[in-house]
Amino acid sequence: SVIKMGSLTESQLVDSMDAVIKVDKDSIDKSIKSDDEINKFRSKIDTQIMTLLVKRAPMAIDLRETISSLKISQDLERIGDQTKNIAKASRWLAKLPTNQTVLSFDNLFNLISTNFTKVVNAFNQEDSAKAKKIWLKDADVNKQYDILFRETLTYMLEDPRNIASCSQVLSVAKNLERIGDHTQNIAEMIYY
């Protein structure tokens with residue numbers, strides 16, 4: 001269930017970024033709809049884990065895997081919420097005139113997306129070494145967010161008419177940074 005939830009969340013992340021970059025209404029709707037399915041997975045996993053804990057009383061590694069799966073599903077659900085927020089923001093962004101492309105936006109998304117795909121694979125393969133590498137890459141996400149923030153701030157200072165669109169870009173970027181934080185949490189749980 002966690003693997004299926006991770007795959008669905010990964011698809012939702014791609015859809016939300018398509019919604020922003022391509023201003024694709026279908027991607028917006030698909031991303032928002034996926035959040036409901038992710039929430040259902042979270043509920044299903046909670047029930048499965050509670051049943052497992054009550055009926056089997058796992059010990060040692062089994063207990064760590066069970067608790068890690070519970071925490072990972074929580075982070076996946078939060079990533080789903082963040083991606084839904086990104087998709088919703090894209091509706092607003094599409095209405096704004098933009099005369100500047102924020103170059104660092106794509107870089108931040110690509111880094112977040114790559115790390116998330118790698119963490120899902122690390123979970124699937126039960127590879128703690130891969131998880132640790134992703135965990136340590138969180139500093140790269142923070143650096144990329146800082147670059148995007150400075151670049152967007154420059155656009156705001158150049159022309160006050162850019163403030164509204166740039167503030168939405170920063171809102172989307174903050175959601176991406178939070179996805180990066182949750183990805184790091186998942187990597188920590190895999191390592192644990």
Which pairs would a plain distance check flag for residues 56-66, meaning a side-chain donor or acceptor within less than 3.5 Å of a matching protein atom at least two apart in sequence or in another chain?
{"residue": "Thr66", "atom": "OG1", "partner": "Asp62", "partner atom": "O", "Å": "2.7"}

In this structure, would Leu157 and Ile147 fall into the same cluster of hydrophobic residues linked by side-chain contacts under 4.5 Å?
no
Using the side-chain contact (heavy atoms from CB on, under 4.5 Å) criterion, which residues pair with Leu8? Sequence neighbours excluded.
Ser34, Glu37, Ile38, Phe41
Looking only at heavy atoms, the pair that brings Ala89 and Val172 closest together is CB-CG2, 3.7 Å
Any donor-acceptor N/O pair, Thr152 side chain to Cys166 backbone, under 3.5 Å
no
List for me each residue that meets side chain to side chain donor-acceptor pair (under 3.5 Å) alongside Gln12, sequence neighbours excluded, and say none if there are none.
Thr83
Are Asn185 and His182 packed together at the side-chain level, in the sense that at least one heavy-atom pair is separated by less than 4.5 angstrom?
yes
What pair of heavy atoms forms the shortest contact from Met5 to Ser73, and how long is it?
CE-O, 3.3 Å
Sequence neighbours excluded, the answer for side chain to side chain donor-acceptor pair (under 3.5 Å) partners of Lys88 is none
How long is the straight-line distance from NZ of Lys44 back to NZ of Lys4, given to the nearest 0.5 Å?
5.5 Å
dist Ile32:CD1 -> Ser90:OG (nearest 0.5 Å) comes out at 7.5 Å
At what distance, to the nearest 0.5 angstrom, does OG1 of Thr183 lie from CD1 of Ile79?
4.0 Å
Kindly write out the residues that satisfy ring-ring contact (aromatic ring centres under 6.0 Å, His included) with Tyr145, not counting sequence neighbours, or none if the list is empty.
none
With sequence neighbours excluded, residues passing side chain to side chain donor-acceptor pair (under 3.5 Å) with Glu188
Trp135, Gln184
Let me check something: do Val141 and Val14 share a hydrophobic cluster, defined by ILVMFWY side-chain heavy atoms less than 4.5 Å apart, either directly or through other members?
no
Arg78: which residues meet the side chain to side chain donor-acceptor pair (under 3.5 Å) condition with it, sequence neighbours left out?
none
So do the side chains of Ile86 and Ser31 get within less than 4.5 Å of each other, counting heavy atoms only?
no
Residues Gly80 and Thr9: closest non-hydrogen pair is N-CG2, 4.2 Å
Listing request: all salt bridge (Lys or Arg N to Asp or Glu O under 4.0 Å) pairs with a residue in residues 131-140, at least two apart in sequence or in separate chains.
none
Grouping I, L, V, M, F, W and Y whenever their side-chain heavy atoms are under 4.5 Å apart, do Met17 and Ile28 come out in a common cluster?
no
Separation of Lys71 NZ from Asp75 CG (nearest 0.5 Å)
9.5 Å
Is there a path of hydrophobic side-chain contacts, each under 4.5 Å between heavy atoms of I, L, V, M, F, W or Y residues, that connects Leu136 with Ile190?
no
With salt bridge (Lys or Arg N to Asp or Glu O under 4.0 Å) as the rule and sequence neighbours excluded, what pairs involving residues 120-130 come up?
none
Please round to the nearest 0.5 Å and tell me the distance separating atom CG of Leu176 and atom CG of Leu170.
11.5 Å
Do NZ/NE/NH1/NH2 and the carboxylate oxygens of Asp29 and Lys25 come within less than 4.0 Å?
yes
Taking Tyr155's backbone N and O only, do any of them form a donor-acceptor pair with Asp159's side chain (distance below 3.5 Å, no angle check)?
no
Please identify each residue that fulfils salt bridge (charged side-chain N to carboxylate O under 4.0 Å, His left out) with Asp46, with sequence neighbours left out.
Arg42
About how many Å separate OG of Ser1 and NZ of Lys40, when rounded to the nearest 0.5 Å?
14.5 Å
Just grab all the salt bridge (Lys or Arg N to Asp or Glu O under 4.0 Å) pairs involving residues 170-181, residues at least two apart or on different chains.
Lys174-Glu177
If you define the side chain from C-beta out and look only at heavy atoms, does anything of Asn39 sit under 4.5 Å from Asp35?
yes
Can you hop from Leu52 to Ile3 via hydrophobic side chains spaced under 4.5 Å?
no
Taking all atoms of both residues into account, what is the closest heavy-atom pair of Leu13 and Ser16, and its distance?
O-OG, 2.8 Å
Anything under 3.5 Å between a donor and an acceptor, one on a side chain of residues 109-123, the other on a protein residue two or more places apart or in another chain? List them.
{"residue": "Asn110", "atom": "ND2", "partner": "Asp106", "partner atom": "O", "Å": "3.1"}
{"residue": "Thr114", "atom": "OG1", "partner": "Asn110", "partner atom": "O", "Å": "2.7"}
{"residue": "Thr117", "atom": "OG1", "partner": "Glu10", "partner atom": "OE2", "Å": "2.6"}
{"residue": "Thr117", "atom": "OG1", "partner": "Ser113", "partner atom": "O", "Å": "3.0"}
{"residue": "Asn121", "atom": "ND2", "partner": "Thr117", "partner atom": "O", "Å": "3.4"}

